[in-house]
Student: 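Before I ask anything, here is the structure I am working with.
Treat the numbers as computed from the prediction; the structure is a model and nothing was measured. In each ligand, atom 1 is the first atom listed, and ligand 1 is the first ligand listed.
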Amino acid sequence: MSLAAVILAAGKGTRMKSDLPKVMHKVCGRPMIEYVLDAVRGAGAEEIVVVAGFGGDLVARTVRDRAQVVYQHQQLGTAHALLQAAPLLAGFPGTILVACGDTPLVTAGTLARLAAAHAAAGARATVLTACLEDPTGYGRVIRDKGGRVQKIVEQRDATPGELAVREVNTGIYCFSAPGLFDALSAIKSENAQGEHYLTDIIGHYVQQGEPVAALKVEDAREVEGVNDRRQLARVESYLRRQIVEELMLSGVTVMDPATTFIDRDVKIGRDTVIYPFTIIEGDTIIGKHCIIGPGSRLINVQAGEGVVIEHSVILESKIGDNCTIGPFAYIRPGCVLAPDVKVGDFVELKKTVVGRGSKIPHLSYMGDATVGSGVNIGAGTITCNYDGEKKWPTIIGDGAFIGSNTNLVAPVEVGEKAFIGAGSTITKNVPPGALGIERGRQRNIENWLQKKSKKESCAGD
Ligand code: UD1
Ligand code: CA
């Protein structure tokens, strides 16, 4: 059976009250439409068409390597939206699976079952339905006494009797392609919204005596549509829970799933422990035997094995095996830490490369720096990397020892195994093995207390 899919994604999503097209709102780090794309592809769709409209260029950019895009310039309803795919699918002989871009939890398995049910029934149209405790907002599936689907009625057009029906239209259907687009062009817009409803095609086919079938989804949560931000949050929390459960089943300890937020594309190795209040986003990859959190946020981070990160924020950086980070470190984009590095409390790093086994234990800022291996950076060391106009590099050689409270005024280089005296402001390169020290000599005045009190008593005379 050949299967094509059309994803309806042109609507503005008025109820989202947003400048962003609805299907671009993210659920667990990915735009909703990407989940639907994956699901239809997973169900075996060979050809995929996305109908874009409001914010269409953004939608097109997101999906263009995975689908063909057509535009619905005016949002005249779901039937009109599907009709826009006609030029691409007019001659298509098989089944057309239609899904909405705002139903991100639907699975490939469910879509494949729908396509199989459609084929088995030999139907013109098969609608995926769901029985909901609270069907408010959804189109109701109206059946006759024999249980045969008669039509779908939208909430706003339904009679009180129809509103009591709890079986709803999920907005997901299979249609036999031949004749579909002709039937769609005949759909009128005589309803409360003045739109061309795709749902009307069901009643239309029934009246024509064409076979129409329905399949009930096993898990109704899969087909929750996102129309406003409350539903967005519900879908997010459901998927978040699912992601965390998959991770737990794969060998990751998540101490408190309720306060752990992990994006869909994150990968985490076995025996890693995630403490509460931790957010792991984007394409982050974490190795085995790590301890992450509590209270950490990682975005697009690659962390090796045995890494410990506590109460820290790490963005777009690479963390080598057995590094320890935090508490309260801030690692900004572009950092690369070799294995066994320690970045301690209240340390900020930006575009900084740190060699194996080096330590930056407390209260430091390293920006645009290259730190060798086995380096010790004393508390309060600051790279002065910005002169008000440009950023400059700092290079610190292997085995160097930087005393506490050093200012490294970039561009500057500290050679291998060099020492810097605490409190120095280093503006000139320090050769390998040298001691660089820059501070006023200390002077001690003996018996200062006695001299002081003598002076005071004289003044009183
Ligand atoms: C739709 C169904 C409803 C079903 C519900 C399931 C219709 C008329 N109603 O209602 O029976 O219970 O989905 O979630 O189909 N779209 C376009 N162009 C348009 C209008 C909409 O592409 O002109 C797209 C939207 O971007 C969205 C999808 O179609 O992805 C559904 O539109 P939406 O306005 O959310 O319909 P619902 O009111 O949810
Ligand atoms: Ca919807």
Side-chain angles (χ1 to χ4, degrees), residues 5-16 18 20-25 27 31-37 39-40 49-56 58-60 63 69-85 98-106 125 127-132 134-142 149 151-158 162-163 165-173 175 184 187-204 214 217 220-232 234-235:
V6 180
I7 301 174
L8 307 182
K12 182 170 191 288
T14 313
R15 292 162 277 183
M16 296 295 280
S18 175
L20 199 64
K22 175 165 67 174
V23 298
M24 290 303 296
H25 281 262
V27 172
M32 284 196 264
I33 190 157
E34 291 194 18
Y35 292 96
V36 184
L37 265 175
V40 300
V49 180
V50 169
V51 183
F54 178 80
L58 184 59
V59 174
V63 304
V69 177
V70 292
Y71 282 83
Q72 182 196 26
H73 294 290
Q74 269 184 297
Q75 281 72 62
L76 302 178
T78 41
H80 181 258
L82 181 54
L83 204 47
Q84 307 313 304
V98 175
C100 295
D102 66 351
T103 313
L105 298 180
V106 70
V127 54
L128 184 70
T129 72
C131 288
L132 302 184
D134 176 13
T136 310
Y138 290 88
R140 309 297 203 277
V141 176
I142 309 303
V149 174
K151 60 177 177 176
I152 294 169
V153 183
E154 290 306 294
Q155 165 98 18
R156 299 195 207 200
D157 303 302
E162 289 165 340
L163 286 176
V165 172
R166 287 177 36 223
E167 187 181 11
V168 304
N169 168 29
T170 63
I172 300 167
Y173 325 78
F175 298 107
L184 285 175
I187 287 179
K188 303 211 167 51
S189 57
E190 287 152 9
N191 51 55
Q193 292 201 92
E195 288 187 0
H196 299 268
Y197 287 163
L198 176 54
T199 46
D200 284 351
I201 201 168
I202 301 296
H204 172 82
V217 69
R221 278 175 301 191
E222 253 188 51
V223 290
E224 174 147 18
V226 175
N227 295 319
D228 62 33
R229 296 190 201 229
R230 292 172 309 175
Q231 286 169 316
L232 183 69
R234 266 212 299 280
V235 160

Student: Verify, without hydrogens or angle tests, whether E195 (side chain) and H80 (backbone) share a donor-acceptor contact under 3.5 angstrom.
Tutor: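 Flag not set: sc E195 to bb H80 has no pair under 3.5 Å.
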Student: Between Q72, Q84, M16, Q75, which one has a non-hydrogen atom sitting closest to atom 18 (N) of ligand 1?
Tutor: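 When every heavy atom of Q72, Q84, M16, Q75 is considered, Q72 comes closest to atom 18 (N) of ligand 1.
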Student: Less than 4.0 Å is my threshold; does some heavy atom of G53 fall inside it relative to ligand 1?
Tutor: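 Outside the 4.0 Å threshold, so no.
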Student: Heavy atoms of the protein only: does one fall short of 4.0 Å from atom 28 (C) of ligand 1?
Tutor: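 True for atom 28 (C) of ligand 1.
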Student: For T78 and L198, indicate whether the former's side chain and the latter's backbone hold a donor-acceptor pair under 3.5 Å.
Tutor: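 Between the backbone of L198 and the side chain of T78 there is a qualifying donor-acceptor contact (under 3.5 Å).
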Student: Heavy-atom count around K12 NZ within 6.0 Å, excluding the residue itself: above 12?
Tutor: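 Above 12, so yes.
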Student: Counting from 1, what ligand 1 atoms have a heavy atom of N227 closer than 4.0 Å?
Tutor: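 Result: 35 (O), 39 (O).
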Student: For ligand 1, which atoms have a heavy atom of Y197 less than 4.0 angstrom away?
Tutor: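 Contacts of ligand 1 toward Y197, numbered from 1: 8 (C).
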Student: Are any of the N/O atoms on G11, whether in the backbone or the side chain, positioned under 3.5 angstrom from an N/O atom of ligand 1?
Tutor: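 Checking ligand 1 against G11, an N or O pair does fall under 3.5 Å apart.
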Student: Name the closest protein heavy atom to atom 13 (O) of ligand 1, giving the residue it belongs to and the distance to 0.1 Å.
Tutor: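 Answer for atom 13 (O) of ligand 1: G171 CA, 4.4 Å.
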Student: Check whether any N or O atom of L8, backbone or side chain, sits under 3.5 Å from an N or O atom of ligand 1, and answer yes or no.
Tutor: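 Yes; at least one N/O pair falls below 3.5 Å.
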Student: Is there a donor-acceptor pair under 3.5 Å between the side chain of Y35 and the backbone N or O of V27?
Tutor: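 Confirmed, Y35 side chain pairs with V27 backbone.
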Student: Nearest 0.5 angstrom please: I152 CD1 to E162 CD, how far?
Tutor: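 Going from CD1 on I152 over to CD on E162, the span is 12.0 Å.
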Student: Which one of A99, G77, A81 has a non-hydrogen atom at the shortest distance from atom 23 (O) of ligand 1?
Tutor: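 It is G77 that holds the nearest heavy atom.
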Student: Counting each atom of ligand 1 from 1 as listed, which ones have a heavy atom of G101 under 4.0 Å away?
Tutor: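 Near G101, the atoms of ligand 1 are 30 (O).
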Student: Counting only N and O atoms by type, is there a donor-acceptor contact under 3.5 Å from the side chain of K22 to the main-chain atoms of M16?
Tutor: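 No.
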Student: Under 4.0 Å, counting heavy atoms only: does T170 come that close to any atom of ligand 1?
Tutor: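 Within the 4.0 Å threshold, so yes.
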Student: Where is the nearest protein heavy atom to atom 32 (O) of ligand 1: which residue, which atom, and how far?
Tutor: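 Answer for atom 32 (O) of ligand 1: T78 CG2, 4.0 Å.
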Student: Give a yes or no answer on whether the side chain of D157 reaches the backbone of A192 with a donor-acceptor pair at less than 3.5 Å.
Tutor: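 Present.
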Student: Hey, which atoms in ligand 1 end up nearer than 4.0 Å to a heavy atom of A10?
Tutor: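 Within the 4.0 Å cut-off of A10, ligand 1 contributes 17 (C), 18 (N), 22 (O), 26 (O).
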Student: Going by distance only, is there an N or O of N169 that falls short of 3.5 Å from an N or O of ligand 1?
Tutor: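 N169 vs ligand 1: N/O contact under 3.5 Å present.
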Student: If you count the atoms of ligand 1 from 1 in the order shown, which ones are under 4.0 Å from a heavy atom of L76?
Tutor: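 Close to L76: 23 (O).
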Student: Which atoms of ligand 1 sit under 4.0 Å from any heavy atom of G139?
Tutor: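 With G139 as reference, the close atoms of ligand 1 come out as 3 (C), 4 (C), 11 (O), 12 (O).
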Student: If only atom types and distance count, is the side chain of T170 paired as donor or acceptor with the main-chain N or O of L128 below 3.5 Å?
Tutor: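 Checked: pair present.
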Student: Measure across A81 and L8 and return the closest heavy-atom pair with its distance rounded to 0.1 Å.
Tutor: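 Looking at all heavy atoms of both residues, the closest pair is CB-CD2, 4.0 Å.
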Student: Going by heavy-atom distance to atom 38 (O) of ligand 1, choose the closest among E154, R15, K22, Q155.
Tutor: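 It is R15 whose heavy atom sits nearest to atom 38 (O) of ligand 1.
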Student: Heavy-atom contact check, 4.0 Å cutoff: does T199 meet ligand 1?
Tutor: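 Contact check T199 vs ligand 1: positive.
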Student: Given the Ca ion (ligand 2) as the apex, I'd like the angle to OD2 of D102 and OD1 of N227, rounded to 10 degrees.
Tutor: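 OD2 of D102, the Ca ion (ligand 2) and OD1 of N227 span an angle of about 90°.
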Student: For the residue pair I172 and N169, what are the closest heavy atoms and their distance?
Tutor: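 For I172 versus N169, the nearest heavy atoms are N-OD1, 4.2 Å.
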Student: C100 heavy atoms, cut-off 4.0 Å: which ligand 1 atoms fall inside?
Tutor: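 Checking each atom against C100, I get 28 (C), 30 (O), 31 (C).
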Student: Donor-acceptor check, side chain of R140 to backbone of V165, threshold 3.5 angstrom: yes or no?
Tutor: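 Yes; judged by distance alone, with no hydrogens or angles, the pair exists.
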Student: Say whether, by atom type as modelled, one donor and one acceptor occur between the side chain of Q231 and the main chain of D228 under 3.5 angstrom.
Tutor: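 Yes; judged by distance alone, with no hydrogens or angles, the pair exists.
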